[in-house]
Chemist: 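Pasting a structure here, questions to come.
Residue numbering restarts at 1 for every chain, and letters A, B, ... go by the order of the sequence lines.
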Protein chains: 2
Amino acid sequence: MKSSNSNLKIDGIDKRILRFLMEDARRPILEIARNIGISGAAIHQRLRKLENSGLLAGSKFVLNPRILGYTTLAYIGIFLDRAMSNPQAVAALEKIPEVLECHYTTGNWSILIKVLCKDNEHLMHVLNKKIQQIEGVSRTETFISLDQQIDRQLKI
Amino acid sequence: MKSSNSNLKIDGIDKRILRFLMEDARRPILEIARNIGISGAAIHQRLRKLENSGLLAGSKFVLNPRILGYTTLAYIGIFLDRAMSNPQAVAALEKIPEVLECHYTTGNWSILIKVLCKDNEHLMHVLNKKIQQIEGVSRTETFISLDQQIDRQLKI
DNA sequence: TGTGAAATCTTCTGATA
DNA sequence: TATCAGAAGATTTCACA
């Protein structure tokens, strides 16, 4: 639960810097500086401020899973028997590499997970041989993403 | 639908390079080179190959939304009246900045979306005043993420 | 696929307006 | 918060094993 105490004020220049870097983390600071019209040192200083504030949570290379043959994305709602088994269930899910996200949620299920598989057969295998085998898992509901239309970050 | 024709072969060195950069996109190539024990030029060459293959889909700065006061993450299943209204519904969802993901899915709903809001009140507002107002939306089911336990990319 | 070397550009820091 | 300037380091390309 990373959070910060700093009374963060981000102005329009901070936003422009962040928008550049949210699109391409490797964009040189000097290039952004030339675009915005201030010095590289100023951007450097602002980025340090933003980092200290905790707003900058890091940077990532993004892979296209299709190139590796991963074409089936699904969300799975999981019903657990007892509240007791939750942390163990999460620990078991963490060991399954196909599980990319895991949320405790309000509503019908105890847990909602996002899984990425090569194809439907692979998804079936993960469901039947891995997820259903976890102690405490009583029932699951699967929603396959037929097409992802939006994928973005918080707008700043 | 980005995809590629290249017959991609990634070896152990490619994987090590990618693992470094998936964790921190701004890690200098030369530093990775020293870690792995090959020259910077070789890494440079491999990265170009990986980029041409389409596997590298870019890089992103990651923000911590909590710092900006966004603490409520939710998934919302949407029932649409007619299949006809789907593209219009997606177009309308795209205009709502709180909507970060949108999937056509199998199962009960037509669409599953992920929304990020400041708090429950903000979420209520987005639900009642924005999402429910979209033509064709008949009913929604909301699942608030109480705690996200896993958040990662495809393991390579 | 790999390397070293050279040119160019970037990052980072410190002094200062 | 901004600037400039300099040192250290990174990127990129090329000729070649």
Chemist: Once salt bridge (charged side-chain N to carboxylate O under 4.0 Å, His left out) is applied, what residue pairs with a partner in residues 117-131 of chain A remain, sequence neighbours excluded?
Modeler: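 Sorted pair list: A:Glu98-A:Lys130.
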Chemist: Let me have the donor-acceptor pairs involving side chains of residues 132-139 of chain B, under 3.5 Å, with sequence neighbours excluded, atom names and distances please.
Modeler:
residue  : atom : partner  : partner atom : Å
B:Gln132 : NE2  : B:Thr140 : OG1          : 3.3
B:Gln133 : NE2  : B:Asn128 : O            : 2.9
B:Ser138 : OG   : B:Phe79  : O            : 3.2

Chemist: Please list, chain by chain and in numerical order, all residues satisfying ring pair (Phe, Tyr, Trp, His ring centres under 6.0 Å) with B:Phe143, sequence neighbours excluded.
Modeler: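 Residues passing ring pair (Phe, Tyr, Trp, His ring centres under 6.0 Å) with B:Phe143: A:Trp109, B:Trp109.
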Chemist: Under the salt bridge (charged side-chain N to carboxylate O under 4.0 Å, His left out) definition, can you give me all pairs with a residue in residues 35-47 of chain A, not counting sequence neighbours?
Modeler: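 Those involving residues 35-47 of chain A are A:Asp11-A:Arg46, A:Asp14-A:Arg46.
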Chemist: At the 4.0 Å heavy-atom cut-off to chain B, mark where contacts on DNA chain C begin and end, going 5' to 3'.
Modeler: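 Using the under 4.0 Å cut-off, the span is C:dT1 to C:dT11.
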Chemist: Without decimals, in angstroms, what is the distance between A:Ile36 CD1 and D:dT3 C1'?
Modeler: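 Value for this atom pair: 16 Å.
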Chemist: For B:Ala41, enumerate each residue passing the side-chain contact (heavy atoms from CB on, under 4.5 Å) test, keeping only those at least two apart in sequence or located in another chain.
Modeler: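 B:Ser39.
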Chemist: Not counting sequence neighbours, which residues clear ring pair (Phe, Tyr, Trp, His ring centres under 6.0 Å) with B:Phe61? List them please.
Modeler: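 Checked B:Phe61 against ring pair (Phe, Tyr, Trp, His ring centres under 6.0 Å); zero matches.
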Chemist: Under 4.5 Å side-chain heavy-atom separation, chaining through any Ile, Leu, Val, Met, Phe, Trp or Tyr, what else clusters with B:Val62? Say none if it is isolated.
Modeler: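 So far as hydrophobic clustering goes, B:Val62 is joined with none.
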Chemist: If the condition is side-chain contact (heavy atoms from CB on, under 4.5 Å), which residues does A:Ile150 pass it with, not counting sequence neighbours?
Modeler: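 Listed in chain order: A:Arg152, B:Leu93, B:Glu94, B:Val99, B:Cys102.
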Chemist: Could you tell me whether the side chain of B:Thr106 and the main chain of A:Ile144 form a donor-acceptor pair under 3.5 Å?
Modeler: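 Side chain of B:Thr106 to backbone of A:Ile144: a pair is present.
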Chemist: According to side-chain contact (heavy atoms from CB on, under 4.5 Å), who are the partners of B:Glu23, at least two apart in sequence or on a separate chain?
Modeler: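 Not a single residue meets the side-chain contact (heavy atoms from CB on, under 4.5 Å) criterion with B:Glu23.
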Chemist: How does protein reach along nucleotides 11-16 of chain D, written 5' to 3' as B (base within reach of a heavy atom under 4.0 Å), S (only sugar-phosphate), or - (no contact)?
Modeler: BSB---
Chemist: Over the length of the helix from C:dT1-D:dA17 to C:dA17-D:dT1, how much do the five-pair end axes diverge, rounded to 10 degrees?
Modeler: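 Nearest ten degrees gives 30° for this helix.
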